[in-house]
Enquirer: 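The structure is given below, and queries will be raised subsequently.
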Amino acid sequence: MRAAMCFSFSHFQLPRIQNHTFSGSLWKRVHNSSIKGENSYRFQLLSPSIYGLQGGQHSRRWSRKSLSTNTEGKNTLSRKTNNISQKISDVTNLTHSGLNTSRLEISGSESVHIEQKITENKDISKLVTVIIFDIETTGFSRYNDRVIEIAMQDLSGGENSTFETLVNPLKRIWNTSIHNISDDMVKSPTVPRMKELIPILVQYIQSRQKPGGRVILVAHNGKSFDVPFLKEEFRRHSCELPSNWLFLDTVPLARKLLKSGVGLENMRLATLREYYGIPEMGAEHRAMADVNVLALVLQGLTRDLKLTLPSLLENHTFKSSDIVNNSKKKKD
DNA sequence: GGCCCTCTTTAGGGCCTT
């Protein structure tokens with residue numbers, strides 16, 4: 001199967017977020033809602049630092065360009081090809097010839113310096129890539145259900161800062177009412193299966209990693225759901241999540257905020273979106289819509305909890321190896 | 001399923017994810 005990927009040059013501007021009480025902060029964006037047609041977005045992303053970090057002058061305007069398959073599941077041809085799409089094509093071809101995805105793993109030794117910089121309290125924002133991600137699945141069981149959509153957004157911005165694709169789960173989708181992703185949408189020949197997507201995914205994240213830096217993959221309830229789910233999908237295809245990927249779960253941060261007595265009702269993403277006055281960004285429970293929301297929720301959480309990038313790295317990240325896989329006790 | 005909380009730890013219930 002050919003996993004046809006295409007570039008969608010999106011134009012999406014978010015509304016201005018209230019409470020810019022600090023300067024030089026991460027997502028100090030200026031967004032004006034302006035949706036230009038279906039699947040057409042653009043937004044501006046300014047400084048790639050987190051609360052408390054001096055990220056320098058990042059007034060440069062980023063134009064986010066997306067890397068995606070057609071998430072409506074229609075069989076359309078890509079309208080533009082460049083080096084990255086060629087790389088993806090190459091990776092896909094390698095997959096078909098039996099690629100071992102461990103070849104794509106980044107050496108853990110490359111990230112040694114970042115721990116030193118944390119210790120030395122140096123600016124590490126230029127070494128850390130923060131990627132928000134979300135998956136849609138056929139259900140809650142990582143053993144019996146499958147991923148049907150995945151979306152990612154590198155907060156550094158720039159070309160190809162987002163990635164999204166449907167995934168053919170090779171099984172019936174029973175929860176279409178949740179996310180509106182149907183069997184017909186994922187059966188399109190342009191929609192990759194997980195077997196084909198894994199090396200593409202690893203290649204994409206590797207392409208976003210800065211030399212000698214670290215990648216933090218952020219998801220809401222990621223430690224209990226998204227990361228174990230991905231880990232199981234990788235295991236099912238005899239792969240492992242790269243050991244140098246770090247993960248961050250925003251639920252514990254939300255719990256901390258809730259306990260502080262600010263009036264947050266619960267820790268759901270939708271509740272956090274309302275709490276921070278973030279407008280809906282497309283259909284709820286579509287991966288990229290939730291990623292866009294979580295990107296702004298993370299901004300609010302780090303601001304309210306006064307979390308710096310070093311403190312996030314040291315106290316709130318985990319590795320996939322921290323998650324116990326009980327798959328040996330289960331049968332698909 | 002992992003995490004947190006409590007009327008707990010030799011347990012049970014609720015939250016959060018699709």
Side-chain angles (χ1 to χ4, degrees), chain A residues 71 73 131-152 164-183 185-186 191 194 197 217-236 241 246-276 280-295 297-298 300-301 305 315-332:
Chain A
T71 53
I131 296 177
I132 312 292
F133 81 101
D134 185 50
I135 59 173
E136 303 301 321
T137 68
T138 59
F140 289 126
S141 170
R142 59 175 135 156
Y143 304 111
N144 300 318
D145 294 306
R146 299 291 185 272
V147 171
I148 53 175
E149 186 177 45
I150 186 164
M152 297 189 165
E164 65 176 320
T165 184
L166 290 170
V167 185
N168 186 340
L170 301 174
K171 64 181 296 185
R172 285 290 305 276
I173 300 174
W174 297 101
N175 59 347
T176 296
S177 61
I178 299 293
H179 36 57
N180 290 319
I181 299 172
S182 66
D183 289 309
M185 291 166 67
V186 300
V191 175
M194 184 54 72
L197 181 60
L217 293 155
V218 183
H220 196 59
N221 204 30
K223 191 163 191 178
S224 298
F225 184 72
D226 301 73
V227 180
F229 220 110
L230 274 184
K231 185 174 182 176
E232 184 62 18
E233 288 277 23
F234 272 59
R235 186 206 63 80
R236 198 173 286 122
L241 289 171
L246 295 175
F247 297 94
L248 172 68
D249 187 350
T250 46
V251 165
L253 304 183
R255 183 181 292 115
K256 205 169 183 177
L257 183 65
L258 189 150
K259 288 175 64 179
S260 70
V262 295
L264 185 65
E265 291 184 7
N266 57 52
M267 301 171 290
R268 294 175 187 168
L269 184 59
T271 304
L272 289 162
R273 180 183 63 74
E274 291 178 8
Y275 176 78
Y276 284 115
E280 293 185 21
M281 302 181 194
E284 194 178 11
H285 290 302
R286 285 303 297 267
M288 188 51 83
D290 287 351
V291 161
N292 285 326
V293 169
L294 185 57
V297 165
L298 178 62
L301 289 171
L305 298 173
N315 305 317
H316 298 281
T317 56
F318 61 95
K319 296 180 179 178
S320 65
S321 57
D322 297 331
I323 295 171
V324 178
N325 192 330
N326 294 317
S327 61
K328 292 180 180 177
K329 301 176 183 177
K330 309 274 184 178
K331 288 186 177 179
D332 286 346

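Values below: all heavy atoms of this structure, side chains included; hydrogens, waters and symmetry mates excluded. Here is how names work: the chains are called A, B, and so on, in the same order as the sequence lines, proteins then strands, and each is numbered from 1.
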Enquirer: Could you measure the distance from the CD1 atom of A/Ile135 to the CZ atom of A/Arg146? Nearest 0.5 Å is fine.
Expert: 12.0 Å
Enquirer: Determine the Euclidean distance between corresponding P atoms of B/dG13 and B/dT9; express it in Å to zero decimal places.
Expert: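 Pairwise P distance, B/dT9 against B/dG13, rounds to 13 Å.
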Enquirer: Please list all pairs passing the salt bridge (charged side-chain N to carboxylate O under 4.0 Å, His left out) test where one or both residues lie in residues 257-276 of chain A, with sequence neighbours left out.
Expert: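 Applying salt bridge (charged side-chain N to carboxylate O under 4.0 Å, His left out) to every pair that reaches into residues 257-276 of chain A, excluding sequence neighbours, yields A/Arg273-A/Glu280.
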Enquirer: Where each residue is assigned the nucleotide of DNA chain B containing its nearest heavy atom, which of A/Glu136 and A/Pro252 is assigned the position nearer the 5′ end?
Expert: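 Closest to the 5' end, via its nearest nucleotide, is A/Pro252.
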Enquirer: Write down the distance between CE (A/Met267) and C1' (B/dC4), rounded to a whole number of angstrom.
Expert: 8 Å
Enquirer: What's the CG-P distance between A/Leu253 and B/dC16, to the nearest Å?
Expert: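 Computing the A/Leu253:CG to B/dC16:P distance gives 14 Å.
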Enquirer: Mapping A/Arg255 and A/His179 onto DNA chain B by nearest heavy atom, which one lands closer to the 5' end?
Expert: A/Arg255
Enquirer: Taking only the P atom of each, what is the distance from B/dC5 to B/dT18 in whole angstrom?
Expert: 22 Å
Enquirer: Hey, are the side chains of A/Thr250 and A/Val297 touching, using non-hydrogen atoms and a 4.5 Å cut-off?
Expert: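 With C-beta onward as the side chain, the pair stays apart.
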Enquirer: Please tell me if A/Arg146 has a side-chain N or O lying less than 4.0 Å from either OP1 or OP2 of B/dT18.
Expert: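 Checking B/dT18 against A/Arg146, no side-chain N or O comes under 4.0 Å of OP1 or OP2.
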Enquirer: Identify which nucleotide among B/dC16, B/dG2, B/dT17 has an atom closest to any side-chain atom of A/Arg142, counting heavy atoms from C-beta outward.
Expert: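 Taking heavy atoms from C-beta onward, the closest nucleotide is B/dG2.
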Enquirer: Could you grab the distance from atom CG of A/Asn221 to atom CG of A/Leu294, nearest 0.5 Å is fine?
Expert: 11.0 Å
Enquirer: Working to the nearest 0.5 angstrom, can you tell me the gap between A/Leu298 CG and A/Leu253 CG?
Expert: 7.5 Å
Enquirer: In whole angstrom, give the distance that lies between atom CG of A/Asp249 and atom C1' of B/dC4.
Expert: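 Distance check: A/Asp249 CG to B/dC4 C1' gives 12 Å.
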Enquirer: Between B/dG1 atom P and A/Asp145 atom CG, what is the distance in whole Å?
Expert: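 To the nearest whole Å, that distance equals 12 Å.
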Enquirer: Under the 5.5 Å and 30° test, is A/Phe225 stacked on the base of B/dT18?
Expert: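 Stack criterion not met.
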Enquirer: Can you measure A/Arg286 atom CZ to B/dT17 atom C1' for me and round it to whole angstrom units?
Expert: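 Going from A/Arg286 (CZ) to B/dT17 (C1'), I get 17 Å.
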Enquirer: From C-beta outward on A/His285, which listed nucleotide comes closest to its side chain: B/dG1, B/dT18, B/dC16?
Expert: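 Among B/dG1, B/dT18, B/dC16, the one nearest the side chain of A/His285 is B/dT18.
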Enquirer: Need one value for A/Ile148: base, sugar-phosphate or nothing, where a base atom within 4.0 Å counts as base even if backbone is also close, heavy atoms only.
Expert: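 Contact class for A/Ile148: none.
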Enquirer: Of all the choices, B/dT18, B/dC16, B/dC5, which nucleotide is nearest to the side chain of A/Lys259 once you look at every atom?
Expert: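 Nearest nucleotide to the side chain: B/dC5.
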Enquirer: Nearest whole Å is fine: how far is B/dG14 C1' from A/Asn221 CG?
Expert: 13 Å
Enquirer: Which residue in the set A/Thr176, A/Val186, A/Val167, A/Asn175 passes side chain to side chain contact (heavy atoms under 4.5 Å, CB included) when paired with A/Ile181?
Expert: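 Of A/Thr176, A/Val186, A/Val167, A/Asn175, side chain to side chain contact (heavy atoms under 4.5 Å, CB included) with A/Ile181 is met by A/Val186 alone.
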Enquirer: Examine the base of B/dT17 for any acceptor or donor lying under 3.5 Å from a partner atom in the side chain of A/Asp226, and report the outcome as yes or no.
Expert: no
Enquirer: Separation of A/Phe229 atom CZ from B/dG2 atom P, in whole Å?
Expert: 14 Å
Enquirer: Contact class for A/Asn180 vs. all strands (heavy atom < 4.0 Å): base, sugar-phosphate, or nothing?
Expert: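 Nothing, no heavy atom under 4.0 Å.
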Enquirer: Does the side chain of A/Lys223 get closer than 4.0 angstrom to OP1 or OP2 of B/dG1 through an N or O atom?
Expert: no
Enquirer: Would you kindly give the CD1-to-P distance between A/Ile150 and B/dT18, to the nearest whole Å?
Expert: 13 Å
Enquirer: Among the nucleotides B/dG1, B/dT18, B/dT17, which one has an atom lying closest to any side-chain atom of A/Arg268?
Expert: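 That would be B/dT17.
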Enquirer: Expressed as a whole number of Å, how far does the C1' atom of B/dC3 sit from that of B/dT8?
Expert: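 The same atom, C1', in both gives a distance of 15 Å.
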Enquirer: If I pick the C1' atom on B/dA11 and the same atom on B/dC7, what distance separates them, to the nearest angstrom?
Expert: 11 Å
